[in-house]
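Each chain gets a letter, A, B and so on, in the order its sequence line appears, and its residues count up from 1.
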2 protein chains.
Amino acid sequence: MSSSVLALVRPASPLAAPLFDGPRLAFARDEALFAEGARAEFVYRLVSGVVRRGKVLRDGRRQIDGFHLPGDYLGLELGEHYRLTAEALTAVTVVRIRREALHGLAEQDVRAARALLDLTVGELGRCQDHVLLLGRRAATERVAVLLLDFAQRSGAESLVDVPVSRQDMADYLGLTIETVSRCIHQLQHDGLIALPTPRKVLLRDRAALERMVG
Amino acid sequence: MSSSVLALVRPASPLAAPLFDGPRLAFARDEALFAEGARAEFVYRLVSGVVRRGKVLRDGRRQIDGFHLPGDYLGLELGEHYRLTAEALTAVTVVRIRREALHGLAEQDVRAARALLDLTVGELGRCQDHVLLLGRRAATERVAVLLLDFAQRSGAESLVDVPVSRQDMADYLGLTIETVSRCIHQLQHDGLIALPTPRKVLLRDRAALERMVG
DNA sequence: CGGACCCTTGATAGCTTTCAAGTCAGGTGG
DNA sequence: CCACCTGACTTGAAAGCTATCAAGGGTCCG
């Protein structure tokens, strides 16, 4: 069980209880929770919806670092400024906490400090897997990794929900939208998956997919 | 083991004092400090030498996550097992501490806990930058980024020491050794750099390099 | 001088991108 | 209810970039 890249980010070791709680906030689809470079004032816990987190180069090239689902924490960069942008892919609700308040929590409670560290370490591990994927995997492998991640995340037996657009997949995988589409077609042609709808993937030969991913 | 060598990896916010200290250990060139998958028993602080840290796919494809220089910490993954392999590129000396001891330290001393978190967050930030480089930059840009990193790290005005082989550069940049060589040639041809020796790069037009990197 | 290793260079192949249509589903308004 | 429109996805053809395969230096060191 090599730690395959987890596209959908989740706590490394699930916390028994949320690290913090509080009133809920809503964001509309396409709204930014926070932007790269802005002062990092808050840390968020996602309650519902899907969020993408990434960066853009000045010329518009975009790289997505990960997708977030309910339960995930956002803004753990914990520096003075956010290092990337988080945007709602759907309507989203979150709980947020001031960064200083979270640090205060960690100073008073050893368990909170440890949980915070574990979350950050988990994020680091996923980021390292992402580096391997982008540096050394061919296009079809990348797509297979992502589909398996979606599958694992959803816990679905074989019918997997793809919660993001082809463009977002491409920007996560370091490919173009056309290449993603062609790779999916290839996997379908090889009998590894079927595509009831563009956003639903049926895993027909999960073992073969996992072999491909290594 | 010239102290002018540089690396991509450095503490996010330099610690006033080392997080821990103790007796020194030596590793020979090409020796592994620890291997991916092994039980993560120790955390290391590099005292002298250069270390590379990375993963390999089963078919031999290699991806390097970063290069480490004196002052850097290794093994901060802090999970049950190391997530990557660390190997000495030169003779190396380190100080090491048991993982549990470090956690104990963090539990007793809020400042240590915070330093540990900051180190991990810094590592995460560098990893995110690496993802952007691998996902969305062309070969020559990647090489330029690495050369500028080496430059910044060494603090050299214009004559930069490249402390790693072309193969290691390639494995860090997600390229082949030939492509790295050709990109360096290209930069030289365009007058941005000169190459007194293969491991010494003279920055002739740093502004242009930085423009290229964005 | 010979050998080993690292780096460079050349030619060709292959994969992914780019450019350009074309299809499909969902939503809107007539 | 249907025509239309828009956005998302797919498909095709050609170009471009990087990898692969294959030599060819250069340097260090025995």
Residue closer to the 5' end of DNA chain D, B:Gly174 versus A:Ser181 (nearest nucleotide): A:Ser181
Below 4.0 Å: OP1/OP2 of D:dT18 and any side-chain N or O of B:Thr179: no
Per A:Arg199 side chain, nearest of listed nucleotides D:dT10, C:dC7, D:dA8: D:dA8
Check ion pair A:Asp129-B:Arg83 (N to O, under 4.0 angstrom): yes
Interatomic distance where CG belongs to A:Asp59 and P belongs to C:dT18 [whole Å]: 11 Å
Sugar-phosphate only, base, or nothing, as touched by B:Thr176 at under 4.0 Å among non-hydrogen atoms: base
side-chain N/O A:Arg182 vs C:dT17 OP1/OP2, d < 4.0 Å: no
Spacing of A:Asp30 atom CG relative to D:dG7 atom C1', expressed in whole Å: 12 Å
Atom pair NE2/CD1 of B:His189 and B:Ile184 - distance to nearest 0.5 Å: 15.5 Å
Nearest-angstrom distance from the residue atom CZ of A:Arg29 to C1' of D:dA8: 11 Å
Minimum-distance nucleotide (side-chain atoms of B:Ala138 versus C:dT17, D:dT10, D:dT18): D:dT18
Euclidean distance, atom CE of residue B:Met169 to atom P of C:dC6 [Å, nearest integer]: 15 Å
B:Asp171 CG - C:dC7 P separation (whole Å): 12 Å
Gap between atoms CD and C1', on B:Gln186 and C:dT9 respectively (whole Å): 14 Å
Salt bridge A:Asp72-A:Arg153, side-chain N to carboxylate O under 4.0 Å: yes
Any side-chain heavy-atom pair of A:Ile64 and A:Leu173 under 4.5 Å: no
Touch class at under 4.0 angstrom, heavy-atom based, for A:Leu175 against every strand present: sugar-phosphate
Ring centre gap for A:Tyr172 and A:His130 strictly below 6.0 Å: yes
Spacing of B:His189 atom NE2 relative to C:dG10 atom P, expressed in whole Å: 12 Å
Under-3.5 Å donor-acceptor pair between A:Glu178 side chain and C:dC19 base: yes
Sugar-phosphate only, base, or nothing, as touched by A:Leu173 at under 4.0 Å among non-hydrogen atoms: nothing
Integer-rounded Å distance: C:dT17 P and B:Arg136 CZ: 7 Å
